[in-house]
Amino acid sequence: MIEVKGLKKAFGQNQVLKGVGFHVNEGDVMTLLGVSGSGKTTLIRCLNYLESPDEGVIRIDDRTVDAQKITKKEIIELRKKTAMVFQTYDLFLNLNALQNVTEGLIRGGKIPKPDAEDIARDLLEKVGLSAKLESKPYQLSGGEQQRVGIARALALCPKVILFDEPTSALDPEVIGEILDIIKAVARSGVTMIIVTHEMEFAFSVSNKVVFIDQGEIVEEGSPREVFLESSQERTKSFLARSNFRFQPEYYL
Amino acid sequence: MSTVFDFDFFIECLKSGAARIPVNLYVAAASVFFGMIFGLIIALIRVFRVPVLSPIFRWLVTILKGVPVILMLLVFYVLAADYFNLIMEYFGIDYTFRQLNKAIIAIIALSVLSSIGLSESFRGALASVKKGQYDAAYSVWLTKRQALVYVIIPQAFPIAVPTLCNYIIGMIKAGALAAMISVVDIMNGALIPANANYRYLEGYTAAALIYWVVCATLEKVLNIAEKRFASKVREVA
């Protein structure tokens, strides 16, 4: 359902993506792993054109765009296939929790305000925030803000949700809660691409893992293939440095 | 000239000047209003580095920032004196420079200055909005225009409010300079009785008192507005 071919992006002299390609099927949960600066955040930001790639073709659902001849209209249409959850939450600071969720629905999705509010209330209840609909972001904790962020992305019913290190700015004790919410979303069958440093989470939530290093895909496969049976030196040394400990879910 | 300060005459000047308060208020209000509109446009052009226009405005702002208010007023007055009749004739309108309300010239000159000044403070306010807010807006399918109208400007505006309030007071006082181009404002109003008998001390004191009262009252009102927006600043800080 998502197909990326030959994606290249440079910031000045720094070639961040050197021709990346992969595909994701409907309902897949793909995690992107790699050290900081490897290009994984740039990669998912290219998918909804928050960053404009220099070259490459992106197909999401029935919408195909070529980076070299994309128009403003195509960018908006591509974005309408996606939603994003940010590392720093990036809630609209001037709006309360409910409005944060409805804003995109009303303005971008052209959904009537009462319907948008129903959707938003429903989703905020699901992420456990029904008591804080009127709270502004500065009145919410980091974990609560990220719950709103997830609800905001879900509300759009996108073809794919992009998670950009959704727990990296959170306290250790709330990381688990957010990961549980993301897992629940994954189980509901939404296609997701997740950039994360949480190895155990990546192992358990995804059915496809992509390891990226220095702007190139080094390895891709099932979590088991990448985490446990990797033959690539770079993957192995990355996993050795991360604190991943394989814990089987059952013992014989 | 019997007494140093003729109090009854002072009251007379006070009345004559106070009758002109509306002139200063509408000149200031109009200048700030146009200043806000054009200031915002200039600020947006410069923040988003619109090709061609952005460098033009950068130079224009730098040049015009260094022009004294009085000079700006006089230049516009002289320009109008020279060309207004010609332009009206060209379009076949029966309206001469003598009939022209000189307050309009003051409003144009002061609008240019406040556009320049406010564009700088709006630019600072816009730059203070975090980049993630744009990303978030685009990620929920807003267009650039929608992002500006519903997310960015509502966050930037409260930050510019204190400077804006300062500007309103400044424009009231700049109105006194409009007296130079024969706008009958508080200053000229208070001097009308004095022109007859040369008791200028009373005239100037009356004008000063009126200005002070107007500005102090306005400041009180603006403080309320500032307080209201201060809570908005806390949201985005």
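Scope of the values below: all heavy atoms of this structure, side chains included, with no hydrogens, waters or symmetry mates. Every chain is numbered from 1 and lettered A, B, ... according to where its sequence line falls, protein lines coming before strand lines.
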- Let me know if K110(A) has heavy atoms under 4.5 Å from chain B in its side chain, its backbone, both or neither. side chain
- Check each atom of E77(A) against the heavy atoms of chain B and say whether the ones under 4.5 Å are side chain, backbone, both or neither. neither
- Item | Pairs of heavy atoms under 4.5 Å with chain B: top-ranked of L95(A), N48(A), L91(A) | L91(A)
- Message: Given heavy-atom pairs under 4.5 angstrom as the criterion, report whether the side chain, backbone, both or neither of K136(A) touches chain B.
- Response: side chain
- Distance under 6.0 Å and angle within 45° of ring axis: R234(B) vs F229(B): no
- Item | Part of K144(B) within contact of chain A (heavy atom distance under 4.5 Å) | neither
- Message: Could you check whether atom CZ of F11(A) has more than 12 heavy atoms from other residues, nucleotides or ligands sitting under 6.0 Å from it?
- Response: yes
- Item | Most chain A-contacting option - heavy-atom pairs closer than 4.5 Å, from V236(B), T143(B), V151(B), V129(B) | V151(B)
- Part of E235(B) lying under 4.5 Å from any heavy atom of chain A: both
- Task: Measure the spacing between OG1 of T88(A) and CD of Q133(B) and express it to the nearest 0.5 Å.
- Result: 9.0 Å
- Note on the structure: When the 4.5 angstrom heavy-atom criterion is applied to I76(A) and chain B, the contacting part is side chain
- Looking only at side chains, do D28(A) and T191(A) share a donor and an acceptor under 3.5 Å apart? no
Less than 3.5 Å apart, which donor and acceptor atoms pair up between the side chains of residues 36-63 of chain B and the rest of the protein, not counting sequence neighbours?
| unit_1 | atom_1 | unit_2 | atom_2 | d |
| --- | --- | --- | --- | --- |
| R46(B) | NH1 | E120(B) | OE1 | 3.2 |
| T62(B) | OG1 | R58(B) | O | 2.6 |

- Under 3.5 Å donor-acceptor, D135(B) side chain and L50(A) backbone: no
- Heavy-atom distance under 4.5 Å to chain B: side chain of F86(A), backbone, both or neither? side chain
- Do R107(A) and Y150(B) meet the cation-pi criteria used here (NZ or CZ under 6.0 Å from the six-membered ring centre, within 45° of the axis)? yes
